[in-house]
Amino acid sequence: MRQSCGRKCLVDARGQRRMGRLIQADRRATLTEITTRYNRGMEQSICEATTRTTLRRMGYNSRRPHRVPLISTTNRKKRLQFARAH
């Protein structure tokens, strides 16, 4: 039986912990920013696709914030009156 086959992962457990710290430091960072920050201190650089697969394996996925309309001043006043009344 073969012990291990296939290519070794460029990002090991230590690299995953490092990537997790990078994400926690800046949750709004793009994939390109995370990749460049990760590659700064490493001997072997990784590409964005490797970063994407590693992040998905770690349980992170991309989210975009909902665009909501701003509350007008008249509605703000009416809401405040309603809240004070109730």
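From a predicted model like this one, the values you see are computed outputs, not experimental measurements.
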Residue set satisfying side-chain hydrogen bond (donor to acceptor under 3.5 Å, both in side chains) with T54, at least two apart, ordered chain then number -> none

Let me confirm one number: the CG-CZ distance from L31 to R52, rounded to the nearest 0.5 Å. 5.0 Å

Looking at N39 and I46, would you say the former's side chain and the latter's main chain have a donor-acceptor pair under 3.5 Å? yes

Minimal heavy-atom distance between T53 and T50, with the atoms involved, is OG1-O, 2.9 Å

Look up atom CE in M19 and atom CG in L55, then write down how far apart they are to the nearest 0.5 Å. 5.5 Å

Output, in order, the C-alpha distance, side-chain angles, deciding distance and verdict of side-chain contact (heavy atoms from CB on, under 4.5 Å) for L80 and R76. CA-CA 6 Å; L80 186 61; R76 190 177 298 154; 5.9 Å; no

Residue pairs, two or more places apart or on separate chains, that pass salt bridge (charged side-chain N to carboxylate O under 4.0 Å, His left out) and touch residues 3-18: none

If you measure from SG on C9 to CZ on R57, what distance do you get to the nearest 0.5 Å? 4.5 Å

Could you give all pairs that pass the salt bridge (charged side-chain N to carboxylate O under 4.0 Å, His left out) test and reach residues 21-49, with sequence neighbours left out? D26-R37

Other cluster members, F82 - Ile/Leu/Val/Met/Phe/Trp/Tyr, side-chain contacts below 4.5 Å: none

Kindly state each residue pair satisfying ring pair (Phe, Tyr, Trp, His ring centres under 6.0 Å) with at least one member in residues 21-71, sequence neighbours excluded. none

Check: residues 68-75 side-chain donor-acceptor pairs under 3.5 Å, at least two apart:
unit_1, atom_1, unit_2, atom_2, d
S72, OG, T74, OG1, 3.3
S72, OG, N75, N, 3.4

